[in-house]
Structures are given as C-alpha cells and as structure tokens.
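If you're wondering where the values come from, they're calculated on a predicted model, not measured in any experiment.
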Amino acid sequence: MTRVMLTAAVALALALALRVGAQAMDRADLAKVLQTIPPNGPFERYGNVTMRSRAKAAGMAPVVFPHWVHRARYTCRVCHMELNFGMRRGDTGITRALYTSGKFCGACHNGTTAFTVQAGPNQQCNRCHMANTKELNKRFAEFAEGMPLASFGNGIDWATAYNEGNIRPVNSLAGQVTLPFPEKLKKPLKLGTASPRSDVSFSHQDHYAELDCSSCHPDVFNIKLKSTTAFTMETNIYGNFCGVCHMLVAFPMNDCRRCHKGMSNSY
C-alpha cells in the first residue's frame, strides 16, 4: 500500500466512524479506528517539535523543528552529544543569544553548512518560525516518496532506510567517525514481561548505530542494579525510559511488533 493510500485509508476509517448517525460506536470498534492513526496525527507531524513560549514573547510565530530533515543527514549523536541538546524536551534551555554565538543550532546554521540564523540580508527567519506548516508538509511528502514504508510514526521505516542506504547520515560534524562497538553488547538483550505479550528483544547494536552509550546512560537508563524496577509499559508511554524517544521521534509504541516480536499489533 502506498503512503498516499495508507493516509487516505486512515482518513476514510475516521470519517466512517464519525458518520454513524447519532449512535455511539462500540468501544472495541472505536479502538480499532484509533489504532490506525499515528499518535500525533498525520505522518508529516510526527517527530516535529514546536517551541512556542520564547517565540510568542518575541512576537514571532512558533519555531517548528522537523527531526526528519536532520536525521536524514546526521545521526542522533551529532545533536544530542556534540551539540549538547538534551534527550528530554525542555532540558536544553536554548536561546537566540546562544545559537547566534555558534552554539546549538548555530553550529550548522551559519550560512555555510545551512541557512543562517544571524541577523542580516541573508537571514531566513521563516524557515524556523512558521505561521503554518504547509510548505514543510509538502517537503516531507516529497522526501518520503520512495522511502521504506512504516504504518506508524511518520510513515518511514528509518531503520530500514539506514540499513539499505536510503539515507547516509554522518555521525560527527567533523565527518564520518569510526566508533568501535563493544563486543560483549552484540548479543540482543532479552527482557521478560509480566503481561501476556511476548518478551522484548533489545539490540544495543541497532541503537549504537545512531546513538552513544551516554545518550541513554545514566540519564534515561541508570545502569545500577535494580535501577529499572519502575520500568513498565505505562511508565514508557508517559515518556520515561524508551518513551523518551519512542513516543516523540522514534517509532511509537503502538507499533508493538517492533519490540514484541511474537505478537500482533492488535490487542
């Protein structure tokens, strides 16, 4: 099924659900409809971070940061290690003064690597401060054509795109750097579950392709003994542990089989 057809199918399912006269839908039927809809709405919105507060105070449109644009060019470690962006929303405290001095976004948005954020005749404020995202959505649709299809998140299977060479992100602003992977972590980690779902298979190696040990440890996962006793599906869904990425940017947790290999995506 093409990306356009999949999006149309979602819209049709929702439309049919809303046209059942004045009768309420059966809870199970409604659940089936909702499960077809990506967590944050249409594909093109998933993974976009909207920053409003400081922009509003400055009388400008909110900043919309599209992860898809950047992750096609750079691995996660570039921004979240070299440029010191926090993994959790709100941790960084970025200001205009900081990025115009060459920090954070300003490390690339200098008019050479990417469009400039500096004041002057070449500045392109509307590339970040967006009154609406129509143009960004159009760019996403063009970018997504031909990419491996996924049914969740922003509709792109990024792991397959990376492994098959659809994208070739560099892992350092200094160019491609070889980072040896620890031999003892190559075997997937098996995590048992207390629920009827299948066990979880976690690959350090897959994550290391784009991240670094310090991306997750110790801030997201404390590796001390018994430090993950609160690790449950519920805590993940509310943005803890795996949910730091897998509810906002990486594939969302309603794509069950990506982690629970032996189960279906329907409950």
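- Looking at every heavy atom in both residues, Met253 comes nearest to Gly243 through CE-N, 3.6 Å.
- In terms of heavy-atom proximity, Ile237 sits nearest to Met247 at O-CG, 3.7 Å.
- The side-chain heavy atoms of Phe85 and Cys105, taken from C-beta on, include a pair separated by under 4.5 Å.
- Within a 6.0 Å radius of CD1 in Ile223, other residues, nucleotides and ligands contribute 12 heavy atoms or fewer.
- Sparse packing is recorded around CZ of Arg52, with 12 or fewer heavy atoms of other residues, nucleotides or ligands lying under 6.0 Å away.
- Contact between Met147 and Asn166 at its shortest, heavy atoms only, is SD-CB, 3.9 Å.
- At most 12 heavy atoms of other shown residues, nucleotides or ligands fall within 6.0 angstrom of atom CZ in Arg73.
- Annotation: His70 is in aromatic contact with Phe65 [ring centroid separation under 6.0 Å].
- Listed here is the closest heavy atom pair of Leu98 and Phe104: CD1-CE1, 3.7 Å.
- Checked against the 6.0 Å centroid threshold, His109 and Tyr99 do not count as a close aromatic pair.
- Side-chain contact between Asp255 and Ser151 is absent, with no heavy atoms from C-beta onward closer than 4.5 Å.
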Exercise. Take Leu136 and Val64 through the test side chain to side chain contact (heavy atoms under 4.5 Å, CB included) and record every step on the way to the result.
Key: CA-CA 9 Å; Leu136 183 65; Val64 179; 4.0 Å; yes
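- Below 30°, between 30° and 60°, or above 60°: for His80 and His67 the angle between ring planes is below 30°, a parallel geometry.
- Residues Tyr208 and Phe181 place their aromatic rings such that the two centres sit under 6.0 Å apart.
- With sequence neighbours excluded, no residue forms a ring pair (Phe, Tyr, Trp, His ring centres under 6.0 Å) with Tyr74.
- Judged by a 6.0 Å distance limit and a 45° cone about the ring axis, Arg45 is not positioned over the six-membered ring of Phe140.
- Residues Lys56 and Met51 are not in side-chain contact: their nearest non-hydrogen atoms beyond the backbone lie 4.5 Å or more apart.
- Two rings, from Phe231 and Phe241, have their centers less than 6.0 Å apart.
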Exercise. Starting from the C-alpha separation in whole Å, work towards a yes-or-no answer on side chain to side chain contact (heavy atoms under 4.5 Å, CB included) for Phe221 and Ser227.
Key: CA-CA 8 Å; Phe221 279 91; Ser227 63; over 6 Å; no
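- Taking the charged nitrogens against the carboxylate oxygens, Asp206 and Arg258 have no contact shorter than 4.0 Å, which rules out a salt bridge.
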Self-check item: Worked verdict on Phe202 versus His207 for ring pair (Phe, Tyr, Trp, His ring centres under 6.0 Å)
Solution: CA-CA 9 Å; Phe202 175 83; His207 289 76; 4.5 Å; yes
Self-check item: Audit row: Thr95, Arg54, side chain to side chain contact (heavy atoms under 4.5 Å, CB included) steps and yes/no
Solution: CA-CA 8 Å; Thr95 64; Arg54 288 184 174 144; 3.6 Å; yes
Quiz item: Under the side chain to side chain contact (heavy atoms under 4.5 Å, CB included) criterion, do Asn236 and His246 qualify, and how do the steps go?
Solution: CA-CA 8 Å; Asn236 276 277; His246 285 283; over 6 Å; no
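- In terms of heavy atoms, Glu82 sits closest to Asn171 at OE2-O, 3.9 Å.
- Shown here for Ala107 and Leu83, the closest heavy-atom pair between the two residues is CB-CD2, 3.5 Å.
- Side-chain atoms of Ser201 and Lys190, non-hydrogen and from C-beta on, do get closer than 4.5 Å to each other.
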